[in-house]
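Structure record follows, encoded as structure tokens.
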Amino acid sequence: MSNRDTLFSAPIDKLGDWTFDERVAEVFPDMIQRSVPGYSNIISMIGMLAERFVKPQTRVYDLGCSLGAATLSIRRSVREEDCKIIAVDNSPAMVERCRRHIDAFRASTPVEVIEADIRDIPIENASMVVLNFTLQFLAPDDRLTLLKRIWQGLNPGGALVLSEKFSFENAEVGELLFNMHHDFKRANGYSELEISQKRSMLENVMLTDSVETHKARLRQAGFQHSELWFQCFNFGSLVALKAGAV
Ligand SMILES: C[S@@+](CC[C@H](N)C(=O)[O-])C[C@H]1O[C@@H](n2cnc3c(N)ncnc32)[C@H](O)[C@@H]1O
Ligand SMILES: O=C(O)C(=O)C[C@]1(C(=O)O)C=C[C@@H](O)C=C1
């Protein structure tokens with residue numbers, strides 16, 4: 001059982017910007033499960049996508065891997081020979097725990113956990129790349145450059161899975177889904193204070209895009225086809241395909 005997230009239950013004097021530090025890493029499984037509607041479905045279905053997309057002698061990248069939930073789901077599903085999963089995160093607290101999680105189970109597909117900025121690592125010979133709630137934490141100006149590098153590093157027929165919290169172009173729909181997300185958090189035991197303190201901390205560091213913006217950016221990066229394969233309220237996941245060899 002993971003520790004319960006009570007980080008923001010008491011009033012905090014000076015709310016700084018959000019970071020993925022030791023305290024967040026300690027409660028992260030509980031936090032993300034109670035904060036992101038559909039999270040566990042997305043994690044298990046990333047495994048199903050891996051079954052379809054991962055090819056022998058290729059690499060899979062899990063960018064912004066946190067504690068390695070997506071990596072573990074992929075590793076459970078991959079049956080192909082000579083594959084390698086590369087899991088990357090720039091939070092030392094996450095990486096340290098991720099390595100422990102990965103090493104706790106034996107499996108035939110090797111995993112390399114790298115502490116680095118995902119903007120700096122080479123991406124090559126990839127059959128699948130996962131950005132599971134990570135792109136939203138990059139400065140908006142850096143997002144297209146990363147997606148272009150992912151497209152270049154993917155083999156033809158490969159896939160990018162991009163999960164994000166969304167904003168909406170229509171204000172009324174946006175407000176409804178935002179409120180539904182708050183209802184979800186309240187139903188999961190978060191108080192108004194916890195919800196509002198976390199929201200202020202995330203305000204400057206997590207800038208969300210609409211599905212339309214994501215699709216347009218993916219097209220600009222080279223992905224001819226992308227589609228939402230999952231959505232719950234203002235959270236969801238897109239799959240973007242690199243056209244196969246003719
Ligand atoms: C919401 S969490 C991702 C959750 C995780 N993918 C999962 O499926 O459980 C975002 C992660 O991205 C990492 N991150 C944010 N910006 C990054 C960057 N520029 N380079 C590497 N990791 C980054 C954070 O440290 C954090 O662990
Ligand atoms: O928007 C929120 O309230 C969130 O908690 C979202 C979110 C995310 O999407 O990554 C933010 C930080 C934590 O990593 C867990 C969830």
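If you read the sequence from its start, that first residue is 1, and numbering goes on from there. Counting starts at 1 for both ligands and their atoms, in listed order.
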Practice prompt. Could you check Leu63 against Val130 for side-chain contact (heavy atoms from CB on, under 4.5 Å), going step by step and ending with a plain yes or no?
Written response: CA-CA 6 Å; Leu63 304 178; Val130 174; over 6 Å; no
Worksheet item: So, Lys55 and Glu80, do they make that salt bridge, N to O below 4.0 Å?
Response: no
Worksheet item: Thr134 and Asp89: side-chain contact (heavy atoms from CB on, under 4.5 Å), yes or no, with the steps?
Response: CA-CA 10 Å; Thr134 303; Asp89 206 290; over 6 Å; no
Worksheet item: Which atoms from ligand 1 have a heavy atom of Leu138 less than 4.0 Å away?
Response: 19 (N)
Worksheet item: Aromatic rings Phe133 and Tyr39: how do their planes relate, parallel, tilted or perpendicular, breaks at 30° and 60°?
Response: tilted
Item to complete: Output yes when the distance from some N or O of ligand 2 to some N or O of Trp18 is under 3.5 Å, and no in every other case.
Response: no
Response to the item:
Within the 4.0 Å heavy-atom cut-off, what Ile195 brings close to ligand 2 is neither
Side-chain polar contacts of residues 47-54 - donor-acceptor pairs under 3.5 angstrom, sequence neighbours left out - could you list them?
none

Worksheet item: Quick one: nearest non-hydrogen protein atom to atom 16 (C) of ligand 2, plus distance?
Response: Val36 CG2, 3.6 Å
Worksheet entry | Identity and distance of the protein heavy atom lying nearest atom 20 (N) of ligand 1 | Ile118 N, 3.0 Å
Item to complete: Could you list which atoms of ligand 2 come closer than 4.0 Å to a heavy atom of Phe137?
Response: 10 (O)
Practice prompt. With sequence neighbours excluded, give me every ring pair (Phe, Tyr, Trp, His ring centres under 6.0 Å) pair touching residues 176-198.
Written response: Phe178-His182, His181-Phe235
Worksheet item: By number and element, which atoms of ligand 2 are closer than 4.0 Å to a non-hydrogen atom of Phe20?
Response: 14 (O)
Practice prompt. Any atoms of ligand 1 less than 4.0 Å from a non-hydrogen atom of Met94? List them with their elements.
Written response: 27 (O)
Practice prompt. Considering only non-hydrogen protein atoms, determine which one is nearest to atom 9 (O) of ligand 1 and report residue, atom name and distance to 0.1 Å.
Written response: Tyr39 OH, 2.5 Å
Fill in: Carboxylate-amine/guanidinium contact Arg23 Asp21, below 4.0 Å
no
Discussion item. Below 4.0 Å, non-hydrogen atoms only: which portion of Val130 touches ligand 1? Side chain, backbone, both or neither.
Written reply: neither
Fill in: Options Tyr39, Phe28, Phe133, ranked by nearest heavy atom to atom 14 (O) of ligand 2, top entry
Phe28
Fill in: Distance-minimising heavy-atom pair for Arg4 and Val27
O-CG1, 3.5 Å
Fill in: Ile43 and ligand 1 - part of the residue with a heavy-atom distance under 4.0 Å
side chain
Item to complete: Determine, considering heavy atoms only, which of Gln33, Lys198, Met201, His182 sits nearest to atom 13 (C) of ligand 2.
Response: Lys198
Worksheet, complete the sentence: The protein heavy atom nearest to atom 14 (N) of ligand 1 is Asn90 OD1, 3.6 Å
Worksheet item: Hey, does Gly64 come in under 3.5 Å of ligand 1, counting only N/O atoms on both sides?
Response: yes
Discussion item. Which residue and atom name correspond to the protein heavy atom nearest atom 1 (O) of ligand 2, and how close is it?
Written reply: Lys165 NZ, 2.5 Å
Discussion item. Are any of the N/O atoms on Asn132, whether in the backbone or the side chain, positioned under 3.5 angstrom from an N/O atom of ligand 1?
Written reply: yes
Worksheet entry | Taking atom 19 (N) of ligand 1 as the reference point, the nearest protein heavy atom with its distance | Asp117 OD1, 3.1 Å
Worksheet item: Charged N to carboxylate O under 4.0 angstrom, Glu227 versus Lys215?
Response: yes
Worksheet item: Would Ala116 count as a contact of ligand 1 if the rule is a heavy atom under 4.0 Å away?
Response: yes
Worksheet item: Are any of the side-chain nitrogens in Asp103 or Arg99 under 4.0 Å away from the carboxylate oxygens of its partner?
Response: no
Practice prompt. Heavy-atom distances under 4.0 Å are what count here, so tell me which part of Tyr190 touches ligand 2: side chain, backbone, both or neither.
Written response: neither
Item to complete: Note the single closest protein heavy atom to atom 15 (C) of ligand 1, along with its residue, its atom name and the distance in Å.
Response: Phe137 CB, 4.0 Å
Worksheet entry | Lys/Arg-Asp/Glu bridge criterion (N-O < 4.0 Å) met for Arg217, Glu212 | no
Response to the item:
ligand 2 to His181, heavy atom cutoff 4.0 Å, flagged ligand atoms 1 (O), 2 (C), 3 (O)
Worksheet item: Glu169 and Ser210: side-chain donor and acceptor closer than 3.5 Å?
Response: yes
Item to complete: Determine, for Glu203 against Arg199, whether the closest basic-nitrogen to carboxylate-oxygen distance falls under 4.0 angstrom.
Response: no
Practice prompt. With heavy atoms under 4.0 Å as the rule, classify the contact between Gln136 and ligand 2 as side chain, backbone, both or neither.
Written response: side chain
Worksheet item: Is atom CD of Glu115 surrounded by more than 12 heavy atoms (other residues, nucleotides or ligands) closer than 6.0 Å?
Response: yes
Practice prompt. Compare every heavy atom of Thr58 with every heavy atom of Asn155, then report the nearest pair and how far apart it is.
Written response: ND2-CG2, 3.6 Å
Worksheet item: What are the atoms of ligand 1, with element, lying closer than 4.0 Å to any heavy atom of Ser91?
Response: 25 (O)
Response to the item:
of all protein heavy atoms, closest to atom 2 (S) of ligand 1 is Ser66 OG, 3.2 Å
Worksheet item: Strictly under 4.0 Å, does any heavy atom of Lys185 approach an atom of ligand 2?
Response: yes
Worksheet item: Same hydrophobic cluster for Val36 and Ile43, using side-chain heavy-atom links shorter than 4.5 Å among ILVMFWY?
Response: yes
Worksheet item: Backbone or side chain, does any N or O of Asp89 fall under 3.5 Å from an N or O of ligand 1?
Response: yes
Worksheet item: N/O of Phe133 under 3.5 Å from N/O of ligand 1, yes or no?
Response: no
